Amino acid sequence: MARADGLPMRPAPTRDGRATRARRPAGRPWLAWGLVIVGALVLVSPLYFTFVFATQNRAAIFDTPPPLWFGDAAGSNLRLLQERLPFWRNLGMSLYVASMTTALNLLLCSLAGYAFAIYEFRFKRALFAIVLGSMMLPAFLHMIPSFMVMDALGWIDEPRALYVPAAASALGIFLMRQYIGSAIPPDLIDAARIDGCGEFRIFWSIVLPLLTPALGTLGLITFIASWNNFVAPLVVMRSAEHYTLPLALRSMQAPNNTEWGALMMGSAIAMLPLLVAYLFSARRLVAGLTSGAVRG
């Protein structure tokens with residue numbers, strides 16, 4: 001508000017000389033916290049019931065109301081899971097494929113992002129536009145071409161058919177390019193060149209250690225995406241020993257005789273690496289997503 005002479009009105013001083021301010025209603029913070037708690041419970045409930053159902057037999061899972069606490073069928077569900085599937089081999093295959101995909105993405109995407117952010121070369125903008133455009137294409141469009149390429153290379157039913165095509169994601173290149181462009185000062189690169197460092201030495205010894213927040217973010221995103229990938233193993237894998245966990249667990253489902261307790265046990269075990277990875281990198285994930293957002 002303004003006075004008649006156009007100057008802004010100041011709060012009236014109180015007896016102790018302090019200006020009075022509008023007080024916010026006291027109930028709003030409690031309402032906000034209540035909404036957050038309810039939303040958190042809704043989001044966590046599927047995870048909780050997965051672990052609960054992993055310890056129940058098939059009959060108990062379909063009781064009305066469903067069980068709300070852990071049962072005593074965890075051992076029998078685990079034994080049944082191992083009878084139906086080469087489960088630990090499938091778990092190892094998922095770990096191997098996800099680890100290789102993550103490692104290759106961190107290396108190749110950081111190299112590509114560094115090139116797009118630092119160097120000037122012909123068709124730079126056109127190539128980066130192609131990278132961004134590939135992010136808008138639906139995943140199912142390259143299923144048949146990918147299968148044809150893997151078949152021509154003789155990689156059908158091989159783990160490398162899963163991690164080599166996913167070795168450099170468009171999202172990873174975009175993320176690393178944006179982070180390097182905003183967080184790495186060009187003067188640091190020029191100073192290293194003056195000191196006689198080669199280009200790869202500059203990247204490996206100077207730039208790469210500064211990319212830790214972005215690498216942690218990209219690593220977590222890539223690992224989760226590779227761990228949960230279902231379509232690619234479905235297209236190129238043939239033998240049950242080479243199935244990843246999502247495909248192996250899906251093969252347990254049948255129209256009439258699905259052991260839901262064993263299936264829930266496999267799903268619960270499959271969640272554990274993701275939970276561990278998130279707990280160790282949650283803070284780094286937030287730092288990588290927010291760093292470079294504000295320039296001082």
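Everything quoted here is computed from the prediction, not taken from an experiment.
- Under a 3.5 Å cut-off, the side chain of N77 and the backbone N or O of M265 do not form any donor-acceptor pair.
- Listed for the N90 side chain is a donor-acceptor partner under 3.5 Å among the backbone atoms of Y243.
- Using modelled atom types, one side-chain atom of S251 and one backbone atom of A248 make a donor-acceptor pair closer than 3.5 Å.
- Look at R79 and E83 and you find no salt bridge, because none of the NZ, NE, NH1 or NH2 atoms lies under 4.0 Å from a carboxylate O.
- The aromatic rings of W69 and Y48 are tilted relative to each other, their planes meeting at an angle between 30° and 60°.
- By the rule that hydrophobic residues join a cluster once side-chain heavy atoms approach within less than 4.5 Å of another member, Y179 and V207 end up as members of one cluster.
- Of all non-hydrogen atoms in E259 and R84, the two that sit nearest each other are CG-NH2, 3.6 Å.
- Between L274 and I224, the closest side-chain pair of non-hydrogen atoms falls below 4.5 Å.
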| request: Please lay out, stage by stage, how L175 and C109 fare under the test side chain to side chain contact (heavy atoms under 4.5 Å, CB included). | output: CA-CA 9 Å; L175 177 64; C109 290; over 6 Å; no

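- Atom CD1 of I144 has 12 or fewer heavy atoms from other residues, nucleotides or ligands within 6.0 Å.
- When side chains are defined from C-beta on, M143 counts as touching V231, because their heavy atoms get closer than 4.5 Å.
- Atom CG of L95 is separated from atom CE of M100 by 13.5 Å, given to the nearest 0.5 angstrom.
- Not a single donor-acceptor pair under 3.5 Å links the side chain of R160 to the backbone N or O of P165.
- Between L108 atom CG and M176 atom CE the span is 11.5 Å, to the nearest 0.5 Å.
- Note that OG1 of T258 and CZ of R58 are 7.5 Å apart. Values are rounded to the nearest 0.5 Å.
- Legend: residues meeting ring pair (Phe, Tyr, Trp, His ring centres under 6.0 Å) with F230, ordered by chain and number and at least two apart, are absent.
- Heavy atoms only, all atoms of each residue included: L211 and S110 are closest at CD1-CB, 4.3 Å.
- In this structure, R193 places its CZ atom where more than 12 heavy-atom neighbours from other residues, nucleotides or ligands lie under 6.0 Å away.
- A 4.5 Å side-chain heavy-atom check between L220 and T102 finds every atom pair outside the cut-off.
- Looking only at side-chain heavy atoms (C-beta outward), M264 and F49 stay at 4.5 Å or farther from each other.
- Put simply, the side chain of F53 reaches to within 4.5 Å of the side chain of P67, judged on heavy atoms.
- Here the shortest heavy-atom pairing between L218 and N105 reads CD2-O, 4.1 Å.
- Other residues, nucleotides and ligands contribute only 12 or fewer heavy atoms inside 6.0 Å of the CZ atom of R125.
- Not a single donor-acceptor pair under 3.5 Å links the side chain of T55 to the backbone N or O of D72.
- Using a distance-only test at 3.5 Å, with no hydrogens or angles considered, no donor-acceptor pair links the side chain of S226 to the main chain of F223.
- Nearest heavy-atom pair across W227 and A270 is NE1-O, 3.0 Å.
- The aromatic rings of F116 and F121 lie tilted to each other, with the angle between the two planes from 30° to 60°.
- Two residues are said to be in side-chain contact when any heavy atoms from C-beta on lie closer than 4.5 Å; N57 and I61 fail this criterion.
- Considering all non-hydrogen atoms of both residues, P233 and T244 come closest at CG-OG1, 3.3 Å.
- Looking at L275 and L47, their side chains come closer than 4.5 Å, going by heavy atoms from C-beta outward.
- Side-chain N or O atoms of S45 include one that pairs as donor or acceptor with a backbone N or O of V42 at under 3.5 Å.
- Using a distance-only test at 3.5 Å, with no hydrogens or angles considered, no donor-acceptor pair links the side chain of D151 to the main chain of F147.
- Between atom CG of residue L263 and atom CG of residue L81 there is a gap of 8.5 Å, rounded to the nearest 0.5 Å.
- Partners of F174 according to the ring pair (Phe, Tyr, Trp, His ring centres under 6.0 Å) rule, which considers only residues two or more places apart in sequence or in another chain, do not exist here.
- Atom CZ of F87 sits about 9.5 Å away from atom CE of M252, to the nearest 0.5 Å.
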| request: With side chain to side chain contact (heavy atoms under 4.5 Å, CB included) as the test, would you mind laying out the steps for L68 and V52 before giving the verdict? | output: CA-CA 7 Å; L68 301 179; V52 170; over 6 Å; no

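- The two residues L106 and G219 make their nearest non-hydrogen contact at CD2-N, 3.7 Å.
- Ring-plane geometry between F203 and Y114 is classed as tilted, the angle between the planes lying from 30 to 60 degrees on a 0 to 90 degree scale.
- Not a single donor-acceptor pair under 3.5 Å links the side chain of S205 to the backbone N or O of I202.
- In terms of modelled atom types and a separation under 3.5 Å, the side chain of D157 and the main chain of S239 share a donor-acceptor contact.
- In this structure the side chain of S146 never reaches within 4.5 angstrom of the side chain of V235, judged on heavy atoms.
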